Amino acid sequence: MVLENGLFVLMKECYVSGNTQEHESVYTFEGEKKYIFNTIVKSANGITNTAWDTTKIKKAEEELKKLNEDLSLQNTIFKEAENVAGVGSFIWYLDDGTATVSDNFYRILGVEPNSFEVTFSSYKEFVHPEDVAIFESIGANIEEKGASTVFAYRVFTKAKGIKHLDLKGKYVEINNRPVSVGIVQDITSRVEKDRALIESYEKLKISNEELESFNRVASHDLQEPLRKIQMFISRIEDDGEKGMPVGIQNYFGKIKDGTFRMRELIQNLLSYSRIDKINSKFENISLSEVVGKIEDELSQLIKDTGTSISYDNLPDIQGIPFKIEQLCTNLISNSIKYGKSDVAPKIIISAKKVRNSEIVESFSKTTEYYYKISFADNGIGFEPEFASNIFEVFQRLHSKNEYSGTGIGLSICKKIVEKHNGYIHAIGKKDQGSTFVIYLPVN
């Protein structure tokens, strides 16, 4: 063995030269690796070889090496994580104000790592004057052991001006010294977003107040003059319509139609603006009963136009009853209004339960299952590029001389569906009818 591992050569060298030789041998005993360290010295009658088992020391060195490698890797990961999260770490000695901080701590301040020695005094130069008192509280050695502290304060940076920082520290003792350890995070973007959100809220609040004022005016002040105009027109017609020239009668007819359209427009606008404020509780609603009720209410119109409405096995849904009724009434009335002049309107209402993964339309899906409810007709239809426009307020594809209405009915439908956490869209082709598809949550 000593010949194979070179130990014999070193023995000869020591005997000839008299110089001490050292050698580490590796042996395998019972499948386990052993390290033997040899020290060879020349003696009076020859040489002396001292050997001892260094296996435990060798293994400890290997474990220490691995630990150092792991620690180095963890430090690299930690530094990268600090960069990604926008945080820096610190160890602050509260007795003398000195600190050890991470590279990213320096970067948050807008300076190069290790560009200055961080102490309470040097760091305080970065702190906004109005927030110095907040920062100085970290230096007061009055924290209970293990207690956490959280501060939000501002600093000045050369590159980006004022930054908002969030500091989280914990009081501990290291070598009997009071220490605060923790992280500091740049929260400037969060503060700016919060400020923008508050400003948006204030603007929305003002807008809502203006809308409330409009509702009050529209519900009384605007409608009262219209009611009087209609009343006086009616009296003039009753008292002297027969004696009026035909042209004057036509003028009065146009005035009467105009005031009627204005009143209808105001009422629809009020209905549209009030939908979001409805806080009625959702109830179980039979769609079949709703459609049946609408058939009764529109019976004369249905009879006059020869309209046929077919539906079967419509589900029970959760919703606000009078709003769901308004939704269905608007859609059915819309199909009758835009029917072909030479063909009796035909409306088919169908529904089925679908899983949200089956729905190709893009909207926020809050539940696993939806009812897909379709209102299909054989009317005049519309060009496909107008499918989304028809739900916008005052959007009309035809003039009021061709078809009556205010251009708000489908906008109201859209708002009602959204109020019920659903989605509505239209499918159509010119002269080939329209289909309005509604998705409402099953639960």
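These numbers were taken from a predicted model, which means no experiment stands behind them.
- The backbone N or O of N284 lies less than 3.5 Å from no partner atom in the side chain of D316, so there is not a single donor-acceptor pair.
- Not counting sequence neighbours, the partners of D131 by the salt bridge (charged side-chain N to carboxylate O under 4.0 Å, His left out) test are R154.
- Shown here are the ring-ring contact (aromatic ring centres under 6.0 Å, His included) partners of Y423, two or more places apart in sequence or in another chain: F363, H425.
- More than 12 non-hydrogen atoms from other residues, nucleotides or ligands lie less than 6.0 angstrom from NZ of K365.
- Every residue meeting the side chain to side chain donor-acceptor pair (under 3.5 Å) condition with N49, not counting sequence neighbours, appears here in chain and number order: N38.
- Not counting sequence neighbours, the partners of E418 by the salt bridge (charged side-chain N to carboxylate O under 4.0 Å, His left out) test are K414.
- Shown here are the side chain to side chain donor-acceptor pair (under 3.5 Å) partners of N421, two or more places apart in sequence or in another chain: there are none.
- Within the structure, the side-chain hydrogen bond (donor to acceptor under 3.5 Å, both in side chains) test picks out the following pairs touching residues 118-127 (sequence neighbours left out): T119-S122, Y123-Y153, K124-E136.
- For H420 (side chain) and Q318 (main-chain N/O), no donor-acceptor pair under 3.5 Å exists by modelled atom type.
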Distance-only donor-acceptor pairs under 3.5 Å for side chains of residues 188-198, two or more places apart:
residue: T188; atom: OG1; partner: H164; partner atom: N; Å: 2.9
residue: T188; atom: OG1; partner: D186; partner atom: OD1; Å: 2.6

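- Within 6.0 Å of the NZ atom in K340, the count of heavy atoms belonging to other residues, nucleotides or ligands exceeds 12.
- Judged purely by atom type and a 3.5 angstrom limit, N19 has no side-chain atom pairing as donor or acceptor with the backbone of E13.
- Listed by chain and number, the residues in a salt bridge (charged side-chain N to carboxylate O under 4.0 Å, His left out) with E368 are R355 (sequence neighbours excluded).
- I416 contributes atom CD1, which lies 6.5 Å from atom CG of N330 (distance to the nearest 0.5 angstrom).
- The side chain to side chain donor-acceptor pair (under 3.5 Å) search around T55 returns D53, not counting sequence neighbours.
- A 4.5 Å side-chain heavy-atom check between C328 and L287 finds at least one atom pair inside the cut-off.
- No side-chain heavy atom of V442 sits under 4.5 Å from any side-chain heavy atom of T367.
- The salt bridge (charged side-chain N to carboxylate O under 4.0 Å, His left out) test applied to K33 returns no partner, not counting sequence neighbours.
- In this structure a side-chain-to-backbone donor-acceptor pair under 3.5 Å is missing from T48 to S43.
- Under the side chain to side chain donor-acceptor pair (under 3.5 Å) criterion, D96 pairs with T98, R177, not counting sequence neighbours.
- The main-chain N or O of G97 is found under 3.5 Å from a side-chain atom of W92 such that the two form a donor-acceptor pair.
- Under the ring-ring contact (aromatic ring centres under 6.0 Å, His included) criterion, F116 pairs with Y106, F126, sequence neighbours left out.
- With a 4.5 Å cut-off on side-chain heavy atoms, I336 and I347 count as touching.
- Side-chain N or O atoms of N104 include one that pairs as donor or acceptor with a backbone N or O of V87 at under 3.5 Å.
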